[in-house]
Structure formats: C-alpha cells, structure tokens
Student: 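Let me begin by handing over the structure; questions about it come next.
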Amino acid sequence: MYDLAYFRAHLDEIAGRLATRGNALNLDHLRDLDSRRRSAISQAEDLKRRRNQESAEIARLRREGADTASRQQQMRALGEEVAALDKQVDALDEEFRERLASIPNVPHESVPVGKDAADNVEIRRVGTPRQFDFAPKAHWDLGPELGILDLERAAKITGARFALYWGLGARLERSLINFMLDVHTRHHGYLEVLPPFLVNSQSLFGTGQLPKFKEDLFQCAGQDFWLIPTAEVPVTNIYRGETIDGDLLPVKLCAYTPCFRSEAGSYGRDVRGIIRQHQFQKVELVKFTSPDNSYDELEKLTADAEDILSRLGLPYRTVVLSTGDMGFSSAKTYDIEVWLPGQNDYKEISSCSNFESFQARRANIRFRSGKQTEYVHTLNGSGLAVGRTWVAIVENYQQRDGSVVVPEALQPYLGVEVIRGR
RNA sequence: GGAGAGGUGGCUGAGCGGUCGAAAGCAGCGGUUUGCUAAACCGUCGUAGGGUCAAAAGCUCUACCGGGGGUUCGAAUCCCCCCCUCUCCGCCA
C-alpha cells in the first residue's frame, strides 16, 4: 500500500525492488488503470461542479420568487448522468486501490536476494544440541506417554490440528506464558496488553492479512468478526487512525493471545504432533518506532525473543529471510529456530519483522515530532510461540526413562523439577 | 435482548433542506506588545482525491458532519439499514 502520489512518482523503482522477491508488477496495466480512473474522476467532478452551480442558481431564483420548475427538470437529467459516472469512478477506484493493496512491501537493502527458504542466511547459532546416549523421542510420543498431551480427544472435541493438554502439560503451557510475559515486562521494558481475540476486517487490512490472505483466516459466520491469526493484528491496530506523541516512541507492547489459523495449503506439512495447529498460544512483541531507528529496534526485539530461549537453555539459530521467503508486509525478517531433537532439526519458533511504514500507511498510524506528522514504523515478533516452546522443552529435556527435567527458570512457575508419567 | 438519549473539525459545542466545510470558545501555529512569565490584540488553523505545474508552493475543483443506502435541482439537516457511546430494565461471567 502506497501513497498515491509517492507510488506514481516511484513506480519503476518500486517495481525493480519488488522483482527481487519474485513479484512482477504489471506496470502498464497499473498506469492505464490509474489514468482511466483519473479521467473518470475529472469528468464526474466537472458535472458535479455544474450541478452545484445550477443548484445555487435555483436557490437564488427561488428566494426571489421565480419559477424554477423547468431548470429543476433539466437538473434531474444531469443528476442521473452524475450517478452513472460516479458508479464508474467507484469501480475504477476500487480496482486500483485493491491492486495497490495487493502489492507487497519492498525489501530492505540488507535483505539477501533469493528465491525461497533455501536462500535464507544464518546469522548466528547459540547453544549446542545435546548429545543423547539414547534415542530421543518426539513429543508426540513423549506427551501421550507422560499423560500431558492428548491429541485423540482433541480431534474428537474439535478436529485435527487441535490439542488437549492435561495436568502438568496444561500447567507447562501456562507457566511458559507467564514466564515469557514476566521476562519481557520486567527485563525488556515492554508493557503488557490483553487485546480482543476477535477483530474486524479493517484491522486485518491494516496489518496486511486482508484482502490477500482471507483463506488463511477463520471468520465468524455472517459477522465481521475474525479470529486473530496473531496478536500482531489487535495490538498493532491499537493505534489505527491515531497520531502518537513522538516523545513516547518507541512504544513497546507485549501480549499473550491464542492464535487461530486455517493452515489452508499446508496439508501434509507437520501433520504429527503440535508443531502446526489451528489454535496455538503465543506471546507477541510489538513496537511502534520512529523511522530512523527501526532497524536498531528490530535487532533489539530479536534479541529480546532470543533471550527467552537462552534463559530456558534451548539451542537455537537465527536466520535472515531471503527476499523470496519473506512475508507480504515485511521489509526484513529474522526467524529464530529452536533445536528439536525429535525432528533432528531447527524449527521456527519466532519471526521478527520490521514492516517499516507499510502497515502504518494501511492503518494510518502516525507520530508527531514538532509540527510534522509522519508515519511510524511498526515491528513485531513472537516472543515466543508457546506451543513450540513446549515441544522444545519436552524434547530437549527428556530423560532415558521418559521423564522431562524442568529448566531452572521455569521451576518456580511449574512447581516441580521433573515431569514424570502418571 | 427491550426502552430512551446521543454520535458534528485536536477538544467543547451551535446548526435541523439552499446564505454551511460548517458559528462560537479552547488548544495549536505565526506575529505585535513585553525585562521574563502571564495576559491582551491581530492573523492563521481539517482530511482525502482531481486539475494546473518538471516538481513543490500557490491557485482551483470535488468529496467528507459515525458507516452504508435513499428522497431532492440541492442533505450535516428528511427517510431506511447498520455500528458505536450513555442511562434504565432484562439476562449473564
């Protein structure tokens, strides 16, 4: 989404940079659409001006007591013409805006150019995956054996890709939420918020999920209420349509919410266990910053998310996504991937992005510095995905006997040192 | 869910078919005055889109008075639907 004037002036540049993420813009079509739209607007406004002048004239004549019936009759025809033209304008304008709204963000120059995830670049690797002297199990075996995870009954209650946690399993999830919120609010300077879990379509447009990614979302039947796919949506939209006092920047918020995703198009991926669910819990970090330090803030936000893994003693690595693997709204994204012995691989547990002014333009979020108002930069990242952290703890801290040692940082929350079978 | 009252520019608030993009006050901005502060006075003060322009400024036009439809030559004002806020009742956690 771009300012029309900015977009028109920088069309070629934008198209060039978008090409690096595999998005081809049909420039001719856009230009043609824009010029048709503008000429329709001019025509319609021309007629409206005439109508306004005539109406004023009628008003004047009537005040003088003249008969204006025939003039009014003529104006009726003009009114119909205006209505027809307005319809054209609306259609063209909507098409043009929809096109613009469907253009993804432009990657930052520091982002590696690439085709897909294979071109992502590892930035750092922290911690060493543990050497097991037995064959480590996956959480989908460990969880049910410990009696803390029950996927069969969840499927009965709701369906596939839902989870039911029992006892210490449920408590582990809750402990992780509290632990993460406590670390971010006490040590990293975030303010906790608890937003609605349902949002309207305007909010989803603001953060970029709509109109393009409707099929990834759950919507309440017959209502403009949508289940949030991430806390990013309600939290970023807190300031939709507002101008923030520049002295308050950066605004740093964190929120726990469940997240709901249809996972359309991911059939066959991560089908076992709770790696990929229709509902999962997440603690999210969101920042509103001034444009000149948003990339510093992205580094800090990523470090804040990584800190959770460090405190839990979980090995991870951080990669920067290539242009071809980035999300629609992002200008730069780091993925943090945690080591999962059950998968024998690193798996995404957090995604930290700088959207620059992309969301701010769509959601109209500005800040005031002196007399000027300017769009803020918005950032967010998981801090962390709770379900996947649950998996990481169960798999990384498992013992030969199937029990799970609780990391020290979590013990005050969980109240036990070891999770054992019932 | 039922009954009632409302939603107007950054805020307060008038307007209830044409003279209204909208009175007035406050805040803001520029200036005069001033030892400084304060006060007073003068001016200025919405957003988006189109045209003009190399561009900006300026000028000009169009739209916007919660959102969407309608009536009318003409709507902030009249009608319909929806949303939100407040009060009372009901229900519920």
Side-chain angles (χ1 to χ4, degrees), chain A residues 1-13 30-101 194-206 210-211 219-226 234 237-248 258 357 360-376:
Chain A
M1 189 66 159
Y2 297 92
D3 301 305
L4 293 186
Y6 177 88
F7 183 81
R8 233 177 259 131
H10 301 265
L11 199 49
D12 289 308
E13 184 196 331
L30 274 168
R31 285 209 178 88
D32 175 60
L33 188 60
D34 186 34
S35 86
R36 272 168 36 219
R37 166 184 158 275
R38 282 151 77 189
S39 90
I41 289 173
S42 286
Q43 279 181 57
E45 290 189 345
D46 219 48
L47 290 185
K48 285 179 188 171
R49 181 168 42 80
R50 268 177 53 203
R51 180 176 67 182
N52 288 344
Q53 285 169 350
E54 272 299 313
S55 287
E57 183 67 7
I58 289 170
R60 196 180 60 77
L61 289 172
R62 286 179 67 124
R63 263 198 305 280
E64 290 170 0
D67 177 25
T68 57
S70 72
R71 273 172 183 268
Q72 289 182 24
Q73 187 60 40
Q74 287 169 27
M75 280 302 94
R76 189 185 302 244
L78 187 69
E80 277 159 22
E81 226 180 309
V82 168
L85 260 172
D86 266 347
K87 244 182 154 170
Q88 258 186 57
V89 170
D90 287 348
L92 285 168
D93 199 51
E94 200 189 315
E95 189 185 343
F96 185 64
R97 281 171 197 279
E98 217 163 274
R99 292 257 169 185
L100 280 192
L194 180 63
F197 300 161
L198 302 185
V199 293
N200 58 33
S201 48
Q202 249 196 305
S203 291
L204 287 160
F205 181 86
L210 289 180
Q219 179 176 20
C220 296
Q223 282 178 299
D224 190 29
F225 290 150
W226 306 66
N237 277 281
I238 287 174
Y239 290 112
R240 170 153 53 84
E242 297 191 24
T243 303
I244 305 171
D245 179 353
D247 293 338
L248 299 177
S357 59
R361 284 191 301 263
R362 294 170 76 103
N364 192 21
I365 306 170
R366 304 163 202 252
F367 72 101
R368 194 184 320 279
S369 64
K371 292 174 221 167
Q372 295 276 1
T373 69
E374 211 180 322
Y375 288 116
V376 298

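Letters A, B, ... mirror the listed sequences (proteins, then strands); counts begin at 1.
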Student: Paired with B/rC29: which nucleotide, if any, by Watson-Crick or G-U wobble criteria at under 3.5 Å for both distances?
Tutor: B/rG43
Student: Given that both distances must come in under 3.5 Å, which nucleotide forms a Watson-Crick or G-U wobble pair with B/rG9?
Tutor: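 Base-paired to nothing in any strand shown.
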Student: Is a donor-acceptor contact shorter than 3.5 angstrom present between the side chain of A/Glu54 and the base of B/rG74?
Tutor: no
Student: Reckon A/Arg60 touches a base, only the sugar-phosphate, or nothing at all at heavy-atom distances under 4.0 Å?
Tutor: nothing
Student: When we call it a touch if two heavy atoms are under 4.0 Å apart, what does A/Arg37 touch: a base, just sugar-phosphate, or nothing?
Tutor: sugar-phosphate
Student: When both hydrogen-bonding distances must be under 3.5 Å and the geometry is Watson-Crick or G-U wobble, what is B/rA14 paired with, if anything?
Tutor: none
Student: Need to verify one output field. Residue with the more 5' nearest nucleotide on RNA chain B, A/Ala56 or A/Asp46?
Tutor: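 Result of the comparison: A/Ala56.
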Student: Can you tell me the Watson-Crick or wobble partner of B/rG49, both distances under 3.5 angstrom?
Tutor: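 B/rC61 - that is the nucleotide pairing with B/rG49, both distances being under 3.5 Å.
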Student: So, under a plain 3.5 Å distance rule, would you say the side chain of A/Arg38 forms a donor-acceptor pair with the base of B/rG49?
Tutor: no
Student: Of the candidate nucleotides B/rA48, B/rA63, B/rG49, which contains the atom at the shortest distance from the side chain of A/Ile41?
Tutor: B/rG49
Student: Categorize A/Asp224 for me: base, sugar-phosphate, or nothing, with a 4.0 angstrom heavy-atom threshold over every strand shown.
Tutor: nothing
Student: Would you mind pulling out the nucleotide paired to B/rG74, Watson-Crick or G-U wobble, both distances under 3.5 Å?
Tutor: none
Student: CZ of A/Arg50: more than 12 outside heavy atoms within 6.0 angstrom?
Tutor: no
